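Below is one structure, written out as structure tokens, with a few remarks after it.
If you're wondering where the values come from, they're calculated on a predicted model, not measured in any experiment. Just so you know, ligand 1 is whichever comes first in the structure, and atom 1 is the first atom listed for that ligand.
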Amino acid sequence: MSYSAESVKTPLTVLDLLAMKQAGEKIACLTAYDASFSFLIDQAGIEVILVGDSLGMVIQGKTTTIPVSMDEMVYHTRCVVQARQRALVIADLPFLSYTTMESALKHSAKLMQSAGAQMVKLEGARIEIIKGLVDFGVPVCAHLGLLPQSINQLGRYKVQGRNLKEAESIIADALRIEQAGASLVVLECVPAELAATISQQLKIPVIGIGAGVSCDGQVLVLYDMLGISRGKRPRFSKDFMQTADDIPAAIQQFKQEVKQALFPAEEHGY
Ligand code: KIV
């Protein structure tokens with residue numbers, strides 16, 4: 001058996017993302033939930049595809065991510081993995097699927113073994129869970145700032161880390177997450193200045209959504225950036241179809257604007 005067969009096309013890995021951060025190259029990430037969009041995103045050269053539990057809203061028409069089940073995450077992740085060649089695929093661990101080490105391992109196994117994801121994402125500074133997953137070879141992306149799975153406690157989707165105490169707590173969490181062995185952090189809806197500090201302090205890449213242009217990369221919900229989500233588009237997103245002739249061109253435009261640090265502009269930030 002050879003580990004270096006030149007002819008076998010392998011997807012990007014956590015090491016490639018780390019090298020991009022070190023080289024100062026921005027990382028582009030979009031969500032996808034099916035094979036057709038996965039193919040288009042992959043063809044555009046986007047480095048990371050996130051099978052987010054945002055599928056609860058944009059695919060299932062629910063108002064939150066809470067009802068999304070493990071079986072649904074596995075199904076959509078499998079569809080996405082099937083069609084990509086190069087992009088690294090991250091899959092969300094859904095609400096309450098990682099409350100114990102045992103359940104986090106069992107559900108990560110489903111996303112990675114059965115569905116083919118290369119990394120799992122979980123919300124909050126779940127330090128012991130992150131350590132345990134990493135210990136067993138599961139690459140982890142942690143999600144800080146606005147935590148959509150906590151919506152029933154938050155009351156509404158709002159910017160996090162606006163005051164000093166909250167900002168310090170998010171910075172401390174990010175550092176602990178890195179220490180615990182996470183490979184990536186998604187930072188959602190925080191002031192741009194706070195996100196810049198965190199991106200600077202961490203060695204691992206920080207992918208922002210509503211977190212300003214200084215993050216190491218950007219992620220958007222695909223349906224928001226194609227202008228086809230129901231309801232009002234979030235301030236931090238941008239409808240790339242407004243200036244594109246077709247979907248591949250819109251995805252390409254997103255990638256170019258991320259690479260050149262043109263997106264997000266100040267109007268998209270807090
Ligand atoms: O579920 C999702 O799509 C996400 C992004 C908003 C980062 O977590």
Side-chain angles (χ1 to χ4, degrees), residues 17 27-34 37-38 41 46-70 72-77 79-80 87-98 107 111 115 117 119-126 140-151 154 156-160 170 174 177 182-190 195 198-199 205-212 215-226 228-238 254 258 263-264 268-270:
L17 301 185
I27 299 164
C29 173
L30 285 174
T31 67
Y33 318 97
D34 67 21
F37 279 123
S38 169
I41 292 169
I46 301 279
E47 286 91 10
V48 181
I49 301 179
L50 169 64
V51 188
D53 56 3
S54 52
L55 71 84
M57 279 109 125
V58 296
I59 301 291
Q60 300 174 334
K62 309 260 168 62
T63 54
T64 73
T65 60
I66 306 294
V68 176
S69 72
M70 196 61 220
E72 288 160 354
M73 284 309 305
V74 168
Y75 171 78
H76 288 281
T77 302
C79 295
V80 166
L88 182 150
V89 175
I90 305 175
D92 265 341
L93 281 163
F95 182 59
L96 294 187
S97 67
Y98 48 96
H107 294 126
L111 292 174
M119 188 183 295
V120 300
K121 178 162 83 57
L122 52 77
E123 295 188 11
R126 308 283 162 214
V140 176
C141 172
H143 185 146
L144 290 179
L146 174 61
L147 306 180
Q149 290 177 5
S150 301
I151 187 60
L154 293 170
R156 66 188 170 85
Y157 299 105
K158 57 184 174 215
V159 182
Q160 305 292 305
I170 297 174
I177 280 165
S183 301
L184 217 57
V185 173
V186 163
L187 205 47
E188 179 166 358
C189 278
V190 300
I198 294 173
S199 306
V206 174
I207 311 294
I209 174 163
C215 295
D216 305 305
Q218 300 292 331
V219 55
L220 283 180
V221 170
L222 177 72
Y223 288 37
D224 288 346
M225 61 77 72
L226 294 179
I228 54 171
S229 292
R230 293 182 308 161
K232 197 167 164 267
R233 183 165 37 82
R235 170 197 167 121
F236 57 73
S237 192
K238 173 176 169 179
F254 165 76
V258 169
F263 177 81
H268 304 116
Y270 304 99

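Counting protein heavy atoms only, atom 6 (C) of ligand 1 is closest to I209 CD1, 3.8 Å. Of the protein's non-hydrogen atoms, the one nearest atom 8 (O) of ligand 1 is K121 NZ, 2.8 Å. Remark: minimum distance from atom 2 (C) of ligand 1 to any protein heavy atom is reached at S54 OG, 3.3 Å.
Taking distance alone, with nitrogen or oxygen atoms compared against 3.5 Å, D92 approaches ligand 1 more closely than that limit. Considering backbone and side-chain N/O of T31, none are found under 3.5 Å from N/O of ligand 1. Residue Y33 has no N or O atom closer than 3.5 Å to an N or O atom of ligand 1.
A 4.5 Å side-chain heavy-atom check between Y223 and T31 finds every atom pair outside the cut-off.
Between the D92 side chain and the D53 main chain, a donor and an acceptor come within less than 3.5 Å of each other. Under the 3.5 Å distance criterion, the side-chain polar atoms of R235 are matched with a main-chain donor or acceptor of G269.
Taken from CE in M73 to OG1 in T65, the straight-line distance is 10.0 Å, to the nearest 0.5 Å.
Residue-ligand proximity, D53 to ligand 1, at heavy-atom distances under 4.0 Å covers atoms 1 (O). Short contacts between ligand 1 and H143, defined as distances under 4.0 Å to a heavy atom of the residue, involve ligand atoms 8 (O). Close contacts between ligand 1 and G52 involve ligand atoms 1 (O), 2 (C), 3 (O) [criterion: under 4.0 Å to a heavy atom].
Residues F263 and H268 bring their aromatic ring centres within 6.0 Å.
For the residue pair Y33 / S54, a side-chain donor-acceptor distance below 3.5 Å is found, with atom types taken as modelled.
Each of D34, V68, I59 was compared with H76 under the side-chain contact (heavy atoms from CB on, under 4.5 Å) criterion, and only I59 meets it.
Relative to atom 7 (C) of ligand 1, the option among L50, V58, L30 with the closest non-hydrogen atom is L50.
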